[in-house]
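Worksheet: one structure, shown below.
Chain letters run A, B, ... following the sequence lines, proteins first, then strands; residues in each count from 1.
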2 protein chains.
Amino acid sequence: MREKTERIVREWSDSCDAEVSIAVLGGAWKPSILTLLGEHEVLRFGELGRLLQDPTSRVLTRQLRELEEDGLITRTVYRQVPPKVEYRLSELGVSATPLLGELTRWGTQYAEQQRSSLDRVPSPSE
Amino acid sequence: MREKTERIVREWSDSCDAEVSIAVLGGAWKPSILTLLGEHEVLRFGELGRLLQDPTSRVLTRQLRELEEDGLITRTVYRQVPPKVEYRLSELGVSATPLLGELTRWGTQYAEQQRSSLDRVPSPSE
DNA sequence: CAGAATCCATCGTGATACTG
DNA sequence: CAGTATCACGATGGATTCTG
């Protein structure tokens, strides 16, 4: 577990564990990464980068490491030249896919509703 | 909508709308606030503060304003002395309660599993 | 009571350049 | 190919003080 995740797991042990989920799943690219790994089973670092439309490698690396630390994905290194690293969902990661689906569903519904509001009221307060 | 939320709604319109959900629900106290409002129907500013174990009023105010901007809660001001402000879930807020439930369920399960791992391995790498 | 104003430390994201 | 190192910057959370 990441330090941040562990802190939240420890401190908020009582009510609102939703914070835990958000701490683990929240972060640029993370939902997309998990969704892609759910669809493709296994992806290499470069493949992920292309599918995500090129986040900087530093950022992608960080997101992947955090997901690994939190136990959602596994990282397999093939010691060869050029290097090859494969990522896939762990059991824990698989267990999160229904939740990701719900997040996506509600987010989509929310976005559509808000977009239609934007259309009806182009400039909010004039 | 908040500017941040709107940006995400616009830019990520295609895949991963899970980011939208996280943008709206994520943030210190927000899941707790929504859960409490779901349970109590209506709460005043001070009541929320006490139930949340006293975040600073500045932070609580910000979280509430953001939730209001994003359309999840409503704010009712009674112009009287001393002032009285009531918060409750909007329809959109109510629509998010099942999702919050899922977030809480997965978070709880995750936290329990990680805690038991912590017990089995007190110091991770020695 | 329900905040607003000010200030500050930290974090997350990203750009850029370099490497085994 | 799959990173690491360094730097910069805005956003976020919070402490403190003040107010209609």
Side-chain angles (χ1 to χ4, degrees), chain A residues 2-8 11-12 16 19 22-33 37 42-70 73-88, chain B residues 1-8 11-12 16 19 22-33 36-37 42-70 73-88:
Chain A
R2 286 185 296 155
E3 215 184 294
K4 173 181 174 182
T5 307
E6 185 170 341
R7 211 170 48 236
I8 295 177
E11 293 175 7
W12 294 71
C16 227
E19 305 270 10
I22 292 176
V24 174
L25 303 178
W29 315 104
K30 282 187 189 175
S32 305
I33 291 170
L37 287 179
V42 49
L43 286 170
R44 297 180 55 173
F45 182 85
E47 294 175 321
L48 270 167
R50 259 165 274 130
L51 291 169
L52 295 171
Q53 298 172 45
D54 300 300
T56 63
S57 68
R58 179 189 187 279
V59 171
L60 181 53
T61 300
R62 283 191 51 101
Q63 303 299 312
L64 289 168
R65 289 293 153 77
E66 291 181 6
L67 287 171
E68 191 195 0
E69 273 193 78
D70 283 339
I73 65 176
T74 63
R75 177 167 176 267
T76 313
V77 182
Y78 294 86
R79 290 213 117 293
Q80 62 184 43
V81 181
K84 170 178 165 183
V85 179
E86 289 180 348
Y87 294 91
R88 53 198 96 205
Chain B
M1 252 189 313
R2 286 185 296 154
E3 216 184 292
K4 172 181 175 180
T5 308
E6 185 170 341
R7 211 170 48 235
I8 295 177
E11 294 176 7
W12 292 72
C16 225
E19 305 268 8
I22 292 176
V24 174
L25 303 178
W29 313 105
K30 283 186 188 174
S32 304
I33 290 170
L36 284 172
L37 286 178
V42 48
L43 285 170
R44 297 181 55 175
F45 182 86
E47 293 175 321
L48 269 167
R50 259 165 273 129
L51 290 168
L52 296 171
Q53 299 175 44
D54 300 299
T56 63
S57 69
R58 179 189 186 279
V59 171
L60 181 54
T61 300
R62 283 191 51 103
Q63 302 300 310
L64 289 168
R65 288 294 152 77
E66 291 183 4
L67 287 171
E68 190 195 1
E69 272 193 79
D70 283 339
I73 65 175
T74 63
R75 176 165 177 269
T76 314
V77 182
Y78 295 86
R79 290 212 116 295
Q80 60 184 42
V81 181
K84 169 177 164 182
V85 179
E86 288 180 347
Y87 294 92
R88 53 197 97 205

B/Val81 meets the side chain to side chain contact (heavy atoms under 4.5 Å, CB included) criterion, sequence neighbours left out, with none
So, with a heavy-atom separation below 4.0 Å from DNA chain C, the residues of residues 55-65 of chain A are A/Thr56, A/Arg58, A/Val59, A/Gln63
In whole angstrom, what separates A/Leu48's CG from D/dG3's P? 10 Å
Taking all heavy atoms of B/Glu19 and all of A/Trp29, pick out the closest pair and write down the distance. OE2-N, 3.3 Å
Remember a base hit wins even if backbone is also touched, and classify A/Gly27 as base, sugar-phosphate or nothing at under 4.0 Å, heavy atoms. sugar-phosphate
Where along residues 78-88 of chain A does a heavy atom fall under 4.0 Å from DNA chain D? A/Pro82, A/Pro83, A/Lys84, A/Val85, A/Tyr87
How long is the line joining CG of A/Asp54 and P of D/dA2, in whole Å? 13 Å
Does any non-hydrogen side-chain atom of B/Pro31 lie less than 4.5 Å from one of A/Ile22? yes
Could you state the interatomic distance from CG (A/Leu37) to CZ (A/Arg88), rounded to the nearest 0.5 Å? 9.5 Å
Here's a test of your reading of the structure: between B/Lys4 and A/Glu47, which maps to the more 5' nucleotide of DNA chain D? A/Glu47
Measure from CD1 on A/Ile22 to P on D/dG13 and round the result to the nearest Å. 11 Å
Can you tell me the distance, in whole Å, between the CD1 atom of B/Ile33 and the P atom of D/dG13? 11 Å
Do the side chains of A/Glu6 and A/Lys4 get nearer than 4.5 Å, heavy atoms only? no
Answer yes or no: is there a side-chain heavy-atom contact under 4.5 Å between A/Thr76 and A/Val85? no
Over 12 foreign heavy atoms within 6.0 Å of CD, A/Glu3: no
Distance check, rounded to the nearest 0.5 Å: A/Ile8 atom CD1 versus A/Cys16 atom SG? 11.0 Å
Rounded (10°) bend between the five-pair end axes of the helix from C/dC1-D/dG20 to C/dG20-D/dC1: 50°
Ignoring hydrogens, what is the shortest heavy-atom contact between A/Tyr87 and A/Arg75? Give both atom names and the distance. OH-NE, 3.3 Å
Report the distance from atom CZ of B/Arg7 to atom P of D/dG10, rounded to the nearest whole Å. 13 Å
Using atom types as modelled and distance alone, determine if a side-chain donor or acceptor of B/Glu47 lies under 3.5 Å from a backbone N or O of B/Arg44. yes
If you walk 5' to 3' along DNA chain C, what is the first nucleotide with an atom under 4.0 Å of a heavy atom in chain A, and what is the last? C/dG12 to C/dG20
Rounded distance [0.5 Å steps], CG in B/Leu43 versus CZ in B/Arg50: 10.0 Å
Expressed as a whole number of angstroms, how long is the span from A/Glu66:CD to D/dG3:P? 14 Å
Contacts table for residues 57-67 of chain A: side-chain donor-acceptor under 3.5 angstrom, sequence neighbours left out:
residue	atom	partner	partner atom	Å
A/Thr61	OG1	A/Ser57	O	2.6
A/Arg62	NH2	A/Glu66	OE2	3.0
A/Glu66	OE1	A/Arg2	NH1	3.1
A/Glu66	OE1	A/Lys30	NZ	2.7

In terms of heavy-atom contacts, B/Gly49 and B/Pro55 come closest through O-CD, 3.7 Å
